[in-house]
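Structure, as structure tokens:
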Protein chains: 2
Amino acid sequence: MSAIADVARLAGVSKSTASRALSGRGYVSEQTKTKVERAAAAIGYVVSSNAASLVTGRTRNVGVVIPFVNRWFFAEVLEGIESALIGAGYDLTLYRLSPNAALRERIFDYFLVRKRVDAVIAVDVALTAHEVALLKSLGKPIVSIGGDIDGISSLSIDDVRASRFMTEHLLSLGHTRIMHLGGDLNEQMDFRVHTQRLTGMREALDAAGIEHPDDFRAVPYTIPGGYAGALAVLGDPGSRPTAIVAGCDEIAIGAIVAARQLGITVPEQVSIVGIDGHNLAEMFGLTTLEQYPVDQGAKAVEMIMERLTSDRGPLEDERVTMPVHLKVRRSTTAPAGVAVR
Amino acid sequence: MSAIADVARLAGVSKSTASRALSGRGYVSEQTKTKVERAAAAIGYVVSSNAASLVTGRTRNVGVVIPFVNRWFFAEVLEGIESALIGAGYDLTLYRLSPNAALRERIFDYFLVRKRVDAVIAVDVALTAHEVALLKSLGKPIVSIGGDIDGISSLSIDDVRASRFMTEHLLSLGHTRIMHLGGDLNEQMDFRVHTQRLTGMREALDAAGIEHPDDFRAVPYTIPGGYAGALAVLGDPGSRPTAIVAGCDEIAIGAIVAARQLGITVPEQVSIVGIDGHNLAEMFGLTTLEQYPVDQGAKAVEMIMERLTSDRGPLEDERVTMPVHLKVRRSTTAPAGVAVR
DNA sequence: CCATCGAATGGAACCGGTTCCACATGGTCG
DNA sequence: CGACCATGTGGAACCGGTTCCATTCGATGG
């Protein structure tokens with residue numbers, strides 16, 4: 001293929017001048033610049049990013065480590081990251097980090113370290129101290145989305161607070177028999193989101209002085225998971241709670257479908273709240289605490305770029321808490337027998 | 001950082017021997033090989049893929065061009081591609097191709113061409129002749145998922161046939177008032193999937209000699225889209241069809257939810273079929289024609305790898321039709337008044 | 001008027017690997 | 001026993017850029 005030497009020859013200048021003309025660095029006269037540009041266009045020249053990276057040490061490529069791409073939150077975050085990176089002129093190399101430990105090690109040692117990425121964004125992946133040290137020793141900025149990791153910047157919502165807030169919303173409506181339909185505490189993501197969202201509800205109930213035996217049922221973190229779980233929970237009229245705090249909107253939506261299936265009206269017979277702001281929430285009238293994963297992805301990129309372009313060495317580690325917003329729809333009301341205020 | 005020259009020095013061999021020892025190419029004695037490996041481990045050496053790519057011309061990196069990551073089909077395909085690529089020791093660079101024409105051109109000219117990828121997989125993106133020529137001139141294999149493109153290999157299901165088949169399923173149950181709830185023909189993806197799935201239904205109806213005025217309503221290709229569309233279509237008892245062929249499972253699921261909302265029983269009062277095999281289909285009892293996007297992604301990678309590893313020049317372009325499978329669940333039955341055979 | 005400086009350019013080193021080629025050695029075969 | 005070949009190793013060129021350094025030239029200024 002055509003190399004910069006060909007361009008230089010055609011334009012009648014040296015390699016170095018051609019390089020300067022095309023990259024815009026250093027002194028080049030207007031005249032030679034257009035001459036070089038014309039020559040480049042004539043032979044369809046494109047820089048080899050490999051060669052450029054080799055000498056500059058920057059790849060203009062960011063690695064994204066993410067456990068799923070087919071779940072709402074992760075897909076949205078990924079979209080946010082992708083848009084922001086493209087906008088900044090960076091490539092995005094995707095590593096889906098399966099739970100498989102061997103594969104995980106391979107991805108780190110084999111892929112991420114090979115000087116192919118300038119930075120890493122970890123989405124809901126708790127990097128080990130070893131992994132962090134490895135990347136840091138290579139001078140690569142890292143940002144974590146979804147949870148704090150020692151020694152690196154991170155960005156997430158406050159999951160405990162989110163869940164407590166939604167529970168307080170139900171309490172304020174007069175509910176006292178509240179249950180959490182959330183993720184399995186043993187199978188949760190690295191940052192213990194499942195535990196935190198359960199904890200938030202319990203904090204709220206404790207603060208209100210409400211007993212809460214039998215307050216939790218573990219289900220898969222999906223719509224079918226919430227559906228199956230809710231069928232079981234709502235099936236027995238005797239022990240039925242008057243309100244459900246779902247671990248996420250997927251679970252909440254599954255629960256709404258299950259309730260309808262059982263002929264239980266939402267919100268009259270059971271109130272249901274979610275956390276997330278899933279794009280199906282509107283359709284199901286779900287009251288939820290919206291978070292904005294696209295913005296989270298964009299913010300992570302912004303933090304990465306600050307670090308990459310900052311001359312004054314690595315910045316301090318930041319802890320950014322991302323905003324959430326209560327969206328009240330039609331899935332919550334006062335429990336039967338209690339007047340709405 | 002440590003370069004291969006450092007390893008060589010430490011091991012007391014030449015650069016070339018060190019390279020051979022670490023890459024496994026060429027003759028190296030067992031003894032020196034372990035010596036070099038030990039030296040490499042001692043100083044934490046990792047190859048620079050940039051340097052290697054520069055000289056070999058292979059990047060071990062595949063570009064994936066995809067319009068969405070937050071829709072079921074695309075997320076599944078992406079997952080299939082990612083797994084297969086990691087397994088083959090390749091990286092995956094993701095380009096989400098927005099409808100924005102300027103950005104699209106930028107992605108091609110600026111990103112894809114810069115010798116950073118060995119091959120390209122296009123998911124539901126109709127590359128222009130110019131784009132194909134560009135990539136081919138660089139010797140990069142391309143595989144298209146989701147539709148045929150002149151001059152390159154492709155892999156997809158037969159969308160017309162799929163839709164015709166599902167319509168025939170409804171016809172065989174005795175339905176005659178069948179309607180298509182599908183994607184907007186003007187806003188469809190590059191490969192006219194929307195048109196094809198509409199066409200399939202019409203072919204089946206024509207073949208059965210059934211008149212089908214007012215047989216189509218365009219809706220967004222999502223669950224809320226199907227929901228809203230079905231509310232409108234099913235709302236009027238007079239003109240209500242006895243069966244709906246949805247353009248995809250998302251639309252079908254939205255329609256099922258809408259029907260339940262309206263108090264219309266599925267399948268007794270209206271049968272609904274989808275196409276896709278969405279992971280919510282089971283929960284909603286949806287009869288659908290399953291396709292297997294994860295397999296499609298894996299197959300695409302396989303085709304790419306064949307081309308990359310084949311010594312005997314570029315292979316011929318292939319047209320692979322991927323398998324589908326009818327999954328009958330509880331959303332279809334004979335129309336009211338017609339005995340089930 | 002000569003020193004100084006900025007603009008413009010070319011030459012050459014360099015980034016970190018891979019690979020071609022030359023050379024040495026020892027074993028096998030005709 | 002010489003030819004040949006497989007094995008093993010080092011030297012050097014090369015991939016395609018970027019950047020440092022030296023050089024030239026014209027303008028500025030003391």
Side-chain angles (χ1 to χ4, degrees), chain A residues 1-37 39-40 43-61 89 110-111 113-118 138-139 311, chain B residues 1-37 39-40 43-61 89 110-111 113-118 138-139 311:
Chain A
M1 303 299 122
S2 57
I4 199 172
D6 304 329
V7 177
R9 199 176 313 121
L10 184 58
V13 298
S14 70
K15 252 175 71 176
S16 39
T17 300
S19 172
R20 279 188 289 256
L22 294 173
S23 69
R25 279 179 288 264
Y27 296 115
V28 189
S29 72
E30 242 355 274
Q31 197 183 339
T32 46
K33 184 168 180 200
T34 56
K35 206 167 51 180
V36 171
E37 278 166 352
I43 61 177
Y45 166 80
V46 281
V47 288
S48 157
S49 43
N50 277 319
S53 297
L54 180 56
V55 46
T56 60
R58 326 294 289 321
T59 60
R60 295 191 78 79
N61 187 20
Y110 183 64
F111 286 97
V113 162
R114 302 169 89 195
K115 298 166 186 156
R116 194 175 255 176
V117 297
D118 288 343
L138 295 168
D311 305 324
Chain B
M1 302 300 124
S2 55
I4 199 171
D6 304 329
V7 176
R9 199 175 314 120
L10 185 58
V13 298
S14 69
K15 252 175 73 176
S16 40
T17 300
S19 173
R20 279 188 290 256
L22 293 173
S23 69
R25 280 178 287 266
Y27 295 114
V28 188
S29 73
E30 240 358 271
Q31 197 183 338
T32 47
K33 184 169 179 198
T34 56
K35 207 167 48 179
V36 171
E37 279 167 351
I43 60 177
Y45 166 80
V46 282
V47 287
S48 156
S49 44
N50 276 319
S53 297
L54 180 55
V55 46
T56 59
R58 325 295 285 328
T59 61
R60 295 191 78 78
N61 188 21
Y110 183 64
F111 286 96
V113 162
R114 302 170 89 194
K115 296 166 187 155
R116 195 175 255 177
V117 297
D118 288 343
L138 294 168
D311 305 323

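Scope of the values below: all heavy atoms of this structure, side chains included, with no hydrogens, waters or symmetry mates. Protein chains get the first letters and strands the later ones, always in sequence-line order, with residue 1 at the start of each.
For S48(A), counting side-chain heavy atoms from C-beta on, the closest listed nucleotide (dG10(D), dG16(D), dG17(C)) is dG16(D).
When all heavy atoms of V13(B) and A18(B) are compared, the closest pair comes out as CG2-N, 4.1 Å. The minimum heavy-atom distance between R116(B) and T59(B), with the atom names listed, is O-OG1, 3.1 Å. Here the shortest heavy-atom pairing between K35(A) and A11(A) reads CE-O, 3.4 Å.
With L22(A) as the partner, the side chain to side chain contact (heavy atoms under 4.5 Å, CB included) test is satisfied by one option alone out of V47(A), V28(A), I4(A): I4(A).
Whole-Å rounding puts the K33(A) NZ to dA7(C) P distance at 15 Å. Atom-to-atom, NZ of K35(B) to C1' of dG10(D) comes out at 13 Å; the value is rounded to the nearest Å. Rounded to whole angstrom, the span from the OH atom of Y27(B) across to the P atom of dT18(C) amounts to 19 Å. As rounded to whole Å, 15 Å separates atom C1' of dC14(D) from atom CD1 of I4(B). For the pair R25(A) CZ and dT9(C) C1', the computed distance is 17 Å after rounding to whole Å. Taking atom CD of residue Q31(A) and atom C1' of nucleotide dA7(C), one finds them 14 Å apart after rounding to whole Å. Spacing between atom CG of N50(A) and atom C1' of dC15(C) amounts to 12 Å, rounded to whole angstrom units. In this structure, E30(B) places its CD atom 20 Å from P of dA6(D), rounding to the nearest Å.
The side chain of T32(B) contributes an N or O atom lying less than 4.0 Å from OP1 or OP2 of dT9(D). Proximity of T17(A) to the phosphate of dG10(C): a side-chain N or O atom is located under 4.0 Å from OP1 or OP2. Using a 4.0 Å cut-off, no side-chain N or O of S29(B) falls inside it from OP1 or OP2 of dG8(D). Side-chain N/O atoms of Y45(B) include none lying less than 4.0 angstrom from OP1 or OP2 on dG16(C).
Among the protein residues, V7(A) comes within range of no part of the nucleic acid, since none of its heavy atoms lies under 4.0 Å from any strand. Base engagement by S19(B) is indicated by at least one non-hydrogen atom pair under 4.0 Å involving a base atom.
Heavy-atom nearest nucleotides on DNA chain C were determined for K15(B) and for K15(A), and the one closer to the 5' end corresponds to K15(A). Of the two residues near DNA chain C, A52(B) and R20(B), the one whose nearest nucleotide lies more 5' is A52(B). Comparing L54(B) and S14(B) against DNA chain D, the residue whose closest nucleotide sits nearer the 5' end is S14(B).
Judged by distance alone with a 3.5 Å cut-off, a donor-acceptor contact links the side chain of S16(A) to the base of dG10(C).
A donor-acceptor pair under 3.5 Å is formed between the side chain of D118(B) and the backbone N or O of R60(B).
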